[in-house]
K.L.:
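Please see the structure below; I have some questions.
Both ligands and their constituent atoms are indexed starting at 1 by order of listing.
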Amino acid sequence: MVVPEHIAIILDGNGRWAKMRGLPRTAGHAAGAETFRKIATYCKNIGVKYLTVYAFSTENWSRPEDEVRAIMKLLDKYLHEAIATMEKDHIRMKILGDVSQLSESLQNEIKETNDISSRYDGFQANICLNYGGRAEIVNAARHYALDVASGKASPDIDEKSFSRYMYSAGIPDPDLLIRPGGEKRISNFLLWQCAYSEFYFSDVLWPDFGPEELDKAIEEFNRRDRRFGGVKQV
Ligand code: IPE
Ligand code: IPE
Ligand code: MG
């Protein structure tokens with residue numbers, strides 16, 4: 001069984017999970033955060049190198065203010081805890097997205113997780129926060145244009161050099177993209193990076209998505225024939 005080097009997950013279904021139990025949507029986000037912790041540990045243990053999760057999109061600001069506030073509070077709590085334990089657990093973390101719009105305390109925590117992560121190698125968890133695939137491409141184009149204007153970059157760009165301007169610079173593309181929660185859409189996630197990822201959809205809501213569900217996704221991944229536009233290997 002091949003373990004994908006990079007797994008990406010759209011964390012979806014927290015709200016419906018809570019609603020089914022007569023709980024507020026925020027209880028679903030709290031349960032989803034626990035699931036993230038378990039799945040990240042599991043990925044690390046089975047030899048996945050990168051786990052990238054979609055935690056808050058550029059479109060999620062349109063949710064009720066209370067819900068946004070509760071999600072930000074949870075992120076704050078998790079990053080704070082991660083800072084205390086990540087070095088011991090040997091987990092590197094990177095936040096992908098426009099962090100300039102996040103609270104000062106979140107921004108400080110993000111700086112700290114980056115600092116800690118630069119001290120060692122190994123499993124890396126990427127958390128997409130205030131992330132949008134289109135925003136990422138536009139942001140990369142803007143930075144690239146600035147570098148060309150100042151003479152730092154050549155206008156003769158190619159896919160590889162453009163990738164260096166993305167939030168995901170230096171991270172290989174996802175091999176497997178998982179969306180729990182029943183929806184079959186990309187919702188503006190990793191539009192550039194998923195060009196050749198294998199997609200796996202599951203009806204299981206994210207808070208219920210345990211290691212056995214991840215195993216099913218990896219088994220299915222192993223049944224896929226990745227051709228990258230070529231012909232079937234025999
Ligand atoms: C995913 O769960 C978490 C975020 C998008 C922040 P949802 O909150 O989208 O849950 P559903 O889709 O409403 O069930
Ligand atoms: C995608 O879930 C975004 C995140 C999981 C962060 P959404 O629940 O926001 O997506 P839609 O609205 O169903 O497309
Ligand atoms: Mg949703």
K.L.:
Taking the side chain as every heavy atom from C-beta outward, state whether Gln193 and Ile171 have any atom pair closer than 4.5 Å.
P.N.:
no
K.L.:
Mind counting the protein N, O or S atoms sitting less than 2.8 Å from the Mg ion (ligand 3)?
P.N.:
1
K.L.:
Can you list, by chain and residue number, every protein residue with a non-hydrogen atom closer than 4.0 Å to ligand 2?
P.N.:
Ile10, Leu11, Asp12, Tyr54, Ala55, Phe56, Ser57, Asn60, Arg63, Arg179, Arg185, Ser187
K.L.:
Against heavy atoms of His29, which atoms of ligand 1 measure under 4.0 Å?
P.N.:
3 (C), 8 (O)
K.L.:
State whether Arg223 and Glu220 are salt-bridged, where the test is any N-O pair (Lys NZ or Arg NE/NH1/NH2 against Asp/Glu carboxylate O) under 4.0 Å.
P.N.:
yes
K.L.:
Please tell me if the side chains of Arg179 and Phe189 come closer than 4.5 Å, counting only heavy atoms from C-beta onward.
P.N.:
no
K.L.:
Does the distance from a Lys or Arg side-chain N to an Asp or Glu carboxylate O, for Lys73 and Asp76, drop under 4.0 Å?
P.N.:
no
K.L.:
Quick one: does ligand 1 sit under 4.0 Å from the side chain of Lys19, the backbone, both or neither, non-hydrogen atoms only?
P.N.:
neither
K.L.:
Same cluster for Val138 and Phe162 if Ile/Leu/Val/Met/Phe/Trp/Tyr side chains link at under 4.5 Å?
P.N.:
no
K.L.:
Check Asp89 with Lys44, please: is the shortest side-chain N to carboxylate O separation under 4.0 Å?
P.N.:
no
K.L.:
For Ser161 and Asp158, which I'm curious about, is there any donor-acceptor pair between the side chains at under 3.5 Å?
P.N.:
yes
K.L.:
Check whether any side-chain heavy atom of Ile7 lies under 4.5 Å from a side-chain heavy atom of Tyr200, and answer yes or no.
P.N.:
no
K.L.:
Can a side-chain donor-acceptor contact be found between Asp215 and Tyr42 if the only test is distance below 3.5 angstrom?
P.N.:
yes
K.L.:
To the nearest 0.5 Å, what is the distance between CG on Asn14 and OG1 on Thr26?
P.N.:
10.5 Å
